[in-house]
Amino acid sequence: MENKVVAIVAGKEITDQDINKVIERYPAQQQAMAKSEQGRKQILTQMVGFELANKFGKENNYEELPEYKEQLEQIKSDLLTQTVINKVLSEVTVTDDEVKKYYDENKEQFGEPERVSAKHILVSKEEDAVKIKDEIANGLSFEDAARKYSSCPSKEQGGNLGEFSRGMMVPEFEDAAFSLPIGEVSNPVKTQFGYHLIQVDAKHEASTKAFEEVKQNVLNELIQKAQQKKYFDFLDELTKKYGVEYK
């Protein structure tokens, strides 16, 4: 791709690639806006301003100012420190065998609880719930009954509550839902909210996530732990070598 020159400031060229390098330093969520025509124009204007100020500073010996020299030394110190840390941490590796070993020894961390997917209809009176159940038995779909009678906002989705595990619903409701056969409509279930008719669409037994599902997360966690240990071990070595005295 042609690296087009978009401006020349005091004899120095600014190219499309120079703008792209600036955009790459933006947070990911801001890059799309920065890449727009308007965004690139704004970045170019800033770059032109920086080059003009830089040219002025060099011509007027701003590099000899005490505040410039002080900030430059701080920047050099910070950059050197970060370079050392990055080099030390880059030496940390975690093997596939270590990842698999951690998974095998900590499978309880990757458990999926028992879950059900269910719909419900909520009314204030038990006799109303009984009548609605009769209508469903006589051909009215559970979803249409929910839209027609339920006082829960889920009525807009035909009473659908989605998938949930134990502890997410009130005890009376979840006891009924987890014991109900798939497709069957429950008898009225009383809770603090009123009377529910429940229909379970699917059940999922408690399980453990497969290794491949969690491998990357485990790898990231082990690398993070290994880097943290490496960093503090490195600081301990330097403390012994150079000495540290707190006042």
Side-chain angles (χ1 to χ4, degrees), residues 1-6 12-36 39-40 42-44 46-47 49-51 53-54 57-58 62-113 165 206-247:
M1 189 172 99
E2 183 184 358
N3 189 18
K4 180 182 176 183
V5 175
V6 291
K12 181 176 179 179
E13 294 181 346
I14 298 176
T15 68
D16 275 331
Q17 287 300 323
D18 293 326
I19 296 176
N20 292 339
K21 289 176 183 177
V22 173
I23 293 173
E24 287 171 4
R25 297 199 294 267
Y26 277 49
Q29 63 270 26
Q30 295 179 18
Q31 287 189 11
M33 185 176 296
K35 289 177 181 177
S36 68
R40 294 181 72 87
Q42 289 177 354
I43 292 172
L44 177 58
Q46 291 175 353
M47 294 178 73
F50 290 158
E51 289 297 335
N54 185 272
K58 288 180 176 178
Y62 273 59
E63 291 167 306
E64 300 303 318
L65 291 176
E67 56 265 41
Y68 171 81
K69 292 182 178 181
E70 182 180 337
Q71 290 185 58
L72 180 60
E73 287 305 312
Q74 185 60 57
I75 291 169
K76 289 167 65 177
S77 175
D78 291 344
L79 182 58
L80 179 59
T81 299
Q82 194 58 56
T83 301
V84 170
I85 292 172
N86 289 343
K87 180 69 170 67
V88 170
L89 297 187
S90 70
E91 296 169 359
V92 171
T93 58
V94 175
T95 67
D96 286 347
D97 287 344
E98 289 172 320
V99 176
K100 185 63 165 64
K101 183 173 183 289
Y102 183 88
Y103 171 80
D104 290 338
E105 293 178 353
N106 298 274
K107 284 189 176 181
E108 69 280 358
Q109 293 184 20
F110 311 108
E112 289 278 11
S165 56
S207 62
T208 300
K209 288 183 178 179
F211 174 64
E212 290 301 326
E213 284 184 76
V214 299
K215 179 180 178 180
Q216 189 60 49
N217 289 339
V218 174
L219 175 61
N220 293 341
E221 182 180 345
L222 292 184
I223 288 176
Q224 186 177 28
K225 287 180 178 178
Q227 286 181 336
Q228 187 177 52
K229 183 178 184 305
K230 178 79 172 179
Y231 175 69
F232 286 113
D233 287 348
F234 178 64
L235 291 187
D236 285 341
E237 290 177 16
L238 297 185
T239 299
K240 293 172 184 175
K241 181 175 182 178
Y242 299 121
V244 175
E245 185 178 355
Y246 293 100
K247 298 291 188 181

K4 NZ to T15 OG1 distance, which is reported to the nearest 0.5 Å | 11.5 Å
Between the side chains of Q82 and N86, is a donor N or O closer than 3.5 angstrom to an acceptor N or O?
-> yes
Distance (rounded to the nearest 0.5 Å) between N3 CG and I19 CD1 | 10.0 Å
Looking at CD1 of I43 and CG of N20, how far apart are the two atoms once the value is rounded to the nearest 0.5 Å?
-> 9.0 Å
Where do L219 and Q216 land on the side-chain contact (heavy atoms from CB on, under 4.5 Å) test, with the steps shown first?
-> CA-CA 5 Å; L219 175 61; Q216 189 60 49; 3.8 Å; yes
Any ring-ring contact (aromatic ring centres under 6.0 Å, His included) involving residues 64-108? Give me the pairs, sequence neighbours left out, ordered by first then second residue.
-> Y103-F110, Y103-F211
Minimal heavy-atom distance between V99 and L222, with the atoms involved, is CA-CD1, 3.9 Å
Donor-acceptor pair, side chain of E213 and main chain of A210, under 3.5 angstrom | yes
Which pair of heavy atoms, one from E13 and one from D18, lies closest together, and at what distance?
-> O-OD2, 3.8 Å
Using a strict cut-off of less than 4.0 Å between a Lys/Arg side-chain nitrogen and an Asp/Glu carboxylate oxygen, indicate whether K101 and E105 qualify as a salt bridge.
-> yes
Heavy atoms of other groups near E70 CD, more than 12 under 6.0 Å | no
Quick one: do E73 and K76 make a salt bridge, cutoff under 4.0 Å?
-> yes
Expected output: side-chain Q31 to main-chain Y26 donor-acceptor under 3.5 Å | yes
For the residue pair A226 and V92, what are the closest heavy atoms and their distance?
-> CB-CG1, 3.4 Å
Where the side chain of S77 meets the backbone of Q74, is there a donor-acceptor pair that is under 3.5 Å apart?
-> no
Counting distance only, does the side-chain N/O of D78 pair as donor-acceptor with the main-chain N or O of I75 below 3.5 Å?
-> no
In Å, rounded to the nearest 0.5 Å, how long is the span from CG of N217 to NZ of K209?
-> 7.5 Å
Quick one: list whatever passes ring-ring contact (aromatic ring centres under 6.0 Å, His included) with Y231, sequence neighbours left out.
-> none
Pairing of K100 and D104 as salt bridge, 4.0 angstrom limit = yes
Interatomic distance, I14 atom CD1 to E51 atom CD [nearest 0.5 angstrom] = 5.5 Å
Just how far is it from atom CD of E98 to atom OG1 of T93, taken to the nearest 0.5 Å?
-> 7.0 Å
Verify whether one side chain among Q224 and N220 offers a donor that lies under 3.5 Å from an acceptor in the other.
-> no
Going by the salt bridge (charged side-chain N to carboxylate O under 4.0 Å, His left out) test, which pairs reach into residues 19-33, not counting sequence neighbours?
-> none
Do L72 and E63 come close enough that some side-chain heavy atom pair is under 4.5 Å?
-> no
Test side chain to side chain donor-acceptor pair (under 3.5 Å), reference K225, set E221, Q227, Q228, output is E221
